[in-house]
Structure formats: C-alpha cells, structure tokens
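One structure is given below, encoded as structure tokens.
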2 protein chains.
Amino acid sequence: MVSPPNSRTATRTAARAEAGPALSREAVIDRALDLADREGLAAVSIRRLAQDFDVTPMALYWHVKNKDELLSAMGERIVEVVDAPDLPTEGGLDRLRPLLERLVDALHRHPGSTELVRGTILRTATGRQLAEQALTILAEAGFDRQRRADLARAALQSVVMLVVGAPGAETDVPEQDRQTMRDRKRAELAALPVDRFPHLVECAGPLTECEDPTAYYADGIDLFLAGVAALATRIS
Amino acid sequence: MVSPPNSRTATRTAARAEAGPALSREAVIDRALDLADREGLAAVSIRRLAQDFDVTPMALYWHVKNKDELLSAMGERIVEVVDAPDLPTEGGLDRLRPLLERLVDALHRHPGSTELVRGTILRTATGRQLAEQALTILAEAGFDRQRRADLARAALQSVVMLVVGAPGAETDVPEQDRQTMRDRKRAELAALPVDRFPHLVECAGPLTECEDPTAYYADGIDLFLAGVAALATRIS
DNA sequence: ACCTGAACACCGTTCAAGT
DNA sequence: ACCTGAACACCGTTCAAGT
C-alpha cells in the first residue's frame with residue numbers, strides 16, 4: 001500500500017477543511033480573536049495559530065509582521081466593526097450615549113482581546129471617529145481643551161473597563177474553567193468573617209457573577225454620563 | 001595560579017553586593033515590581049530575575065510557587081501598602097474620596113504592575129477592607145445590593161484605569177523609549193486631516209502627555225464621585 | 001532549608017532556500 | 001507571491017541531587 005503522490009497536501013487540505021478558511025492575514029486575526037475568547041489571550045501564539053492552520057510557524061510571518069503587530073491588528077479589528085452613529089447637531093451630552101453603547105457592543109464580541117483595544121483605539125479609523133465625536137460633544141458642553149481630552153479618554157477607557165472588568169469576566173482562563181473559578185471566588189468571599197466584612201459577604205454573589213449583562217452595561221454607561229453631566233453643570 | 005577554594009562563592013557574594021539584598025520572597029517581588037516599572041511587565045521573567053540575583057532560575061521556585069503566583073503577589077504587594085482610612089460615621093458619599101485617593105497613591109508607585117491589581121484586589125486584606133468600606137458607604141447612600149456591588153467594583157476599577165490609562169503612561173515599553181513613543185503618537189494625531197479631525201488635532205498634546213498628574217488624578221476621582229452622587233439623588 | 005544541573009516542552013524570530 | 005527547514009535565543013517548569 002503506497003501513499004498517493006500528494007498525500008501530504010491531501011491531508012493538509014483535509015485539515016484545512018476542518019480548520020476553516022485558508023491562510024490569510026484576515027483569517028489569522030479572526031482565528032486569534034476566537035482563540036483568545038476561548039482560551040485566553042495567553043493562548044495566542046504564532047506557533048499555536050500555525051498549528052491550527054496546518055502550516056509552519058514561519059508561514060504566518062508572511063501575513064503579519066510579528067506578534068506585536070498581530071496583537072495590534074486584533075485590537076484594531078475589534079473596533080473597526082463599530083458603525084459610528086451620525087452626530088446630531090442638538091442633544092447635548094446625551095449624544096455620548098450611542099457612541100459608548102456601540103463601542104460596548106463591539107468590545108463585548110471579543111472580551112478575551114478587549115484589553116488590546118486600549119492601545120489601538122486612537123490608531124483606527126472608527127476609533128478616531130468616535131474620539132472626534134466625543135471631543136466635539138464635550139467641547140459644545142463647554143469643557144476646555146484639557147478637560148475634554150481627559151473626559152474623552154475616560155469615556156473610551158471606561159467602556160473598556162466595563163467589559164474586561166465585568167463581574168465574572170475571567171477571560172484569562174480557558175472557557176470550561178471559568179464557572180469553577182467564579183464559584184471559587186464567590187465561596188471565598190462568602191466565607192469571610194461576617195463581623196468584619198458584612199457587606200462583602202452579602203455581595204459575594206453580585207461581585208462574582210453578572211446576572212444581567214444588558215443592565216450592567218447600561219448602568220455603567222449611565223454612571224459615566226451622570227458624572228460628566230454633573231461636571232458640566234459645575235462649569236456653567 | 002589556583003583559584004581560592006571558594007572563589008565562586010566569593011564572586012557571587014560580590015555580585016550580590018551590587019545587586020542588593022539576598023534572595024528571599026520579598027526581595028524577588030520587590031525586584032519584579034521595579035523591573036516592571038523600568039522595562040515593562042513583559043520583561044519580568046523567572047530567568048531574568050534569577051540573573052539579577054546571580055542565582056539559577058530554579059532557586060526562585062523555592063520562594064515563589066510559579067510565575068503566576070509571583071504576578072499575583074506583585075499585585076497584592078502594591079495594594080497592601082495602602083493605609084486604609086478610618087471610616088467616619090457621617091459624611092455621605094464624600095467618604096469615598098479618601099479611599100480612592102489612597103489607592104491611587106499606592107498604584108501610582110508601581111504603574112508598570114498596576115494592571116495586576118485588578119485580579120488581586122479582592123484577595124488582599126487591605127483590598128477587602130477598602131471594598132467593605134466602599135460598600136458600607138454605598139449602602140448608607142441607599143443603593144441596593146446589586147447596585148452597590150457594581151458601584152464598588154466600578155470605583156476600584158476606575159482607579160486602576162486612571163493609572164494604567166493615564167495619558168503618556170506607556171508602561172509596556174522600556175523607560176528610555178517612552179518619551180519617543182509619546183512624541184510619535186502626538187505627532188501622528190497632530191498630523192491628522194484638520195477638516196475631519198479638528199478636535200483630535202487640537203487635543204493631540206493633552207491626549208498623549210500628562211502635564212499635571214495631581215490634577216489628572218483629582219479630576220478622575222471627581223468624575224467618578226460626581227457620577228455616584230448623581231445616581232444617588234435619582235433613587236431618593 | 002535552600003540551591004544547583006540536567007532536561008523537557010514551549011516560545012518568537014531570522015535567514016536562506018524552495019515553488 | 002507564498003511557504004518551508006534549520007537554527008538561535010529565549011521562556012516556564014519538573015525532578016533528582018547536592019549542601
């Protein structure tokens with residue numbers, strides 16, 4: 001029994017059929033994002049990705065410059081899908097809300113890589129568009145240059161923080177271990193001495209698990225907007 | 001010419017004299033924190049630390065369980081130095097301010113490792129004390145269990161965010177390259193088309209460099225407290 | 001109690017070479 | 001244009017052995 005002349009290619013093609021699309025820059029980035037969501041950002045390695053594509057590690061270097069560039073591209077990719085809203089000419093600070101909501105939605109699709117967004121947001125087209133819109137709204141609300149820069153930054157960072165810091169967001173650990181991890185944390189808090197940490201014990205549940213993500217994100221955005229609105233009344 | 005019987009020990013002792021204190025769990029953690037501040041968290045490796053102590057990598061495993069435990073210990077160490085204030089019985093939500101201020105001060109001492117705090121804060125004694133105090137204040141302000149859990153979490157995370165997300169905080173890059181990096185970013189923003197990104201161009205400076213850190217942190221805490229205060233008036 | 005030596009399974013990356 | 005092979009310098013970690 002002899003192997004067919006191109007058995008190696010054949011098996012590779014078969015593996016690709018399982019693995020999905022052929023090697024390309026886009027495919028690499030998407031696969032890296034999925035991998036990060038499933039097993040954590042630490043699981044993303046050039047060699048691991050190459051294995052998934054049934055290709056040698058060096059093949060990836062044709063499509064991405066190096067690992068740093070891959071990580072940047074992942075962050076940029078997450079933001080680029082945001083469909084930035086048109087900026088109404090009226091509406092005051094409330095016009096910030098749709099910006100933040102859309103960004104949350106985009107980040108929430110890839111929580112495992114959301115922290116990468118922090119470093120890339122001002123380098124992507126849509127990220128810059130969102131920042132420009134935020135700065136415009138803040139300028140019209142009367143904030144000076146320094147203040148609106150800080151508030152725009154805080155807006156974007158708060159959104160990132162909401163996602164990566166959500167209760168029960170253990171994105172650094174493989175998917176199947178996450179619930180175990182949450183349960184362990186919760187039990188740890190619940191077992192604290194009640195006389196010294198009554199509130200921590202009482203809040204063990206809501207501190208370790210997010211029952212209603214929609215409400216969580218809405219409340220998070222509310223908090224930020226309430227803060228900005230309060231500061232705005234102080235200056236006028 | 002023969003070497004003295006214990007020449008190896010002698011040179012090692014000499015190296016230690018340069019390197020500082022002898023090997024110990026505390027020393028390892030402190031050195032790791034300093035290394036992270038100078039060269040970024042990525043520069044912290046077991047082997048690199050061992051080299052700094054003039055010792056084999058395996059020697060470290062006597063003092064720390066593994067690298068993960070070292071990273072946790074670094075985060076815990078940063079928080080443990082906080083001298084949690086006594087909680088006044090009166091004063092309302094403003095009592096949150098000293099909590100956040102002291103945490104900012106502590107984090108600010110090790111910006112390169114501050115992100116590690118996110119995962120360890122509820123596992124340290126002082127972290128739990130701060131959280132318990134925050135929850136107490138929020139409970140007395142009338143927030144329900146779910147809300148005060150989310151707000152306490154937001155409080156601690158906002159502080160972390162303020163430090164790691166400060167303009168010009170390029171903690172992932174070696175110390176000597178940071179100014180260059182900031183200048184590059186600023187130039188990039190300033191070079192954007194003025195017709196499409198007028199505010200981004202205008203704010204290129206304040207977005208990439210922090211002129212007055214004290215004011216920056218104070219304003220950041222103000223923003224959060226203003227938000228919480230506004231939410232508090234909505235429920236009562 | 002504290003440290004070393006040898007070994008293993010990973011990692012990113014370069015460079016010349018293949019098709 | 002796109003991929004491979006070989007090689008290099010790193011990394012975390014285990015285990016048995018030394019003192």
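In what follows, chains are A, B, ... by sequence order, proteins preceding strands, each numbered from 1.
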Donor-acceptor contact present, side-chain Arg182(A) to main-chain Gly168(A), <3.5 Å: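 Checking the backbone N and O of Gly168(A) against the side chain of Arg182(A), a donor-acceptor pair under 3.5 Å is found.
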Backbone of Arg48(B) reached by a side-chain donor or acceptor of Ser45(B) within 3.5 Å: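 Yes, because the side chain of Ser45(B) sits within donor-acceptor range (under 3.5 Å) of the backbone of Arg48(B).
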Donor on one side chain, acceptor on other, Glu76(B) and Thr124(B), under 3.5 Å: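 Glu76(B) vs Thr124(B): no donor-acceptor pair found between side chains.
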Check: Glu209(A)/Gln179(A) side-chain N/O donor and acceptor closer than 3.5 Å: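 Yes, Gln179(A) and Glu209(A) have a side-chain donor paired with an acceptor closer than 3.5 Å.
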Any side-chain heavy-atom pair of Leu162(B) and Phe224(B) under 4.5 Å: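 SC-SC contact between Leu162(B) and Phe224(B) ruled out.
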Validation row: Leu207(B), Pro167(B) side chains within 4.5 angstrom (heavy atoms):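 Heavy-atom side-chain distance check fails, nothing below 4.5 Å.
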Heavy-atom protein contacts under 4.0 Å, nucleotides 9-16 of chain C, coded B base, S sugar-phosphate only, - none: --BBBB--
Heavy-atom closest pair, residues Ala204(B) and Ala190(B):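 Result for this residue pair: CB-N, 3.8 Å.
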side-chain hydrogen bond (donor to acceptor under 3.5 Å, both in side chains) partners of Asp195(B), counting only residues at least two apart: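 Scan of Asp195(B) (side-chain hydrogen bond (donor to acceptor under 3.5 Å, both in side chains), adjacent residues dropped) gives none.
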Contact under 4.0 Å: His63(A) side-chain N or O vs dC3(D) OP1/OP2: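 Checking dC3(D) against His63(A), a side-chain N or O does come within under 4.0 Å of OP1 or OP2.
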For atom CH2 of Trp62(A) and atom P of dG18(C), their distance in whole Å: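 Result: 17 Å.
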Leu23(A) CG to dC3(D) C1', straight-line distance once rounded to whole Å: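 Going from Leu23(A) (CG) to dC3(D) (C1'), I get 9 Å.
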Strand DNA chain D in bracket notation, Watson-Crick/G-U under 3.5 Å with | for pairs to another chain: ||.|||||...|||||.||
